[in-house]
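In each ligand, atom 1 is the first atom listed, and ligand 1 is the first ligand listed. Nothing here was measured: the structure is a model prediction, and the numbers come from that model.
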Amino acid sequence: MALAPAASPHVMNTYARLPLAFSHGKGVRVWDVDGKEYLDALAGIAVNTLGHGHPKLVAALQDQVAKLIHTSNYYHVPDQERLAAKLCELSGLSKAFFCSSGLEANEAAIKLARKYGHDKGIERPQIVVYEKAFHGRSIATLSATGNPKVQKGFEPLVEGFIRVPLNDIEALRRATEGNPEVVAVFLETIQGEGGVNPMRAEYLREVRQLCDERDWLLMIDEVQCGMGRTGKWFAHQWAGVVPDVMPLAKGLGSGVPIGAVVAGPKAADVFQPGNHGTTFGGNPLAMRAGVETIRIMEEDGLLANAARVGDQLRGALERELSGLDGVTQIRGQGLMLGIELARPCGVLTGRAADAGLLISVTADNVVRLVPPLILTTAEADEIVARLVPLIRAFLAE
Ligand SMILES: *Cc1c(COP(=O)(O)O)cnc(C)c1O
């Protein structure tokens, strides 16, 4: 393993990093600075949709960098129109706002929900959020997040959030009963950082119906589970629901920083000039990355690939690991999979790297696999071959 200094003198110590640095990548493989090869089942945390060095994306981005990187939102950016139209076509929604990250997309959604409330005369709007949720690390989005570790030390938190458990419609009804200040329900279809926890399809449909009855916005954070990862463009589409507000980021630009919040008719015109903005959001480079990522995904059939290879990967993991003492559950959909173990297993990230495999462990005891959507069945088999012995050895300790 390529050794990097344990603590940097000048970079703030915000991450428990592995002692590893990479020099280049190709497809689902990356090489460290010493030339060792790794299979990338993390994809920069569900970001590198097209893997590394995809020739079509590289050509498009090189072209764009030479033409224009940034102009500002004082002017029209033609690719914003193109990407917004495409996202609306794929989601059934009507308008998009562009930013540069997941938390910014969620921050925009939270502001939008509050403004939606104020426009209706609700002066202290409340938003329903979930246990184990992760929405980002700005003060508002960490307040919406359901992990006390993310919040600790940053109090006072932003008020106006009501927290409920997952997949329990009665709990949602009880928590909001007779409360005229509720304006939105904000959820991840499959919680990512919280441990790959899916919302049941039936639950999503019940929440949609409740939002319609009460005139609340259904806001679905698809930052991690969206953009084809589960085999549909957006994970909630498996349940046949359409949200009112949908934050996106991670996989949307295949590695170029980008975020978006896409809104349907109830929410698309809530923001007016002066209500929201960002310097970098929607810049020509990021927009080109978004447009080309979607175009290449369509050309290369990556939705179907994510579903098919994901099923195979999950099937193989279930055959090898299900029922073993210490394996609690294997869950997720498409190429967003989690293996929950009965005890904390953070050490597995380093051991996997030693074995030439990049993974992450989330929520302390869930091995998370979110590889690029170009993964082949042969590469999925390789992931299983490298990962299973590590988990078996860990369970035996
Ligand atoms: C990663 C993530 C975020 C935050 O995105 P950043 O780009 O890190 O700000 C928000 N929501 C979900 C569901 C995420 O997975």
Proximity of His135 to ligand 1 by residue part, where a heavy atom lies under 4.0 Å: backbone
Location of contacts on Ala249 toward ligand 1, heavy atoms closer than 4.0 Å: neither
Please state which protein non-hydrogen atom is closest to [atom] and give its distance, to 0.1 Å?
atom: atom 7 (O) of ligand 1; answer: Gly102 N, 2.8 Å
atom: atom 10 (C) of ligand 1; answer: Asn106 ND2, 3.3 Å
atom: atom 14 (C) of ligand 1; answer: Lys250 NZ, 2.9 Å
atom: atom 11 (N) of ligand 1; answer: Asp221 OD2, 2.8 Å

Lys/Arg-Asp/Glu bridge criterion (N-O < 4.0 Å) met for Asp40, Arg29: no
Glu299 with Arg295: basic N within carboxylate O range, under 4.0 Å: yes
When only distance counts, is Phe134 in polar contact with ligand 1, meaning an N/O pair under 3.5 Å? yes
For the rings on Phe22 and Tyr38, is their centre-to-centre separation under 6.0 Å? yes
For ligand 1, which atoms, with element, lie under 4.0 Å from some heavy atom of Glu188? 13 (C)
Need the ligand 1 atom indices (1-based, order shown) with element for anything under 4.0 Å from a heavy-atom of Leu103. 4 (C), 5 (O), 6 (P), 9 (O)
Sort out for me which residue in Thr71, Val65, Asp79 forms a side chain to side chain contact (heavy atoms under 4.5 Å, CB included) with Pro284. Thr71
Value rounded to 0.5 Å, distance of OG1 in Thr362 from CZ in Arg368: 4.5 Å
Is Val77 close to Phe98 at the side-chain level, that is, under 4.5 Å between some pair of heavy atoms? no
Between Phe271 and Phe97, what is the ring plane arrangement, given parallel below 30°, perpendicular above 60°, and tilted in between? perpendicular
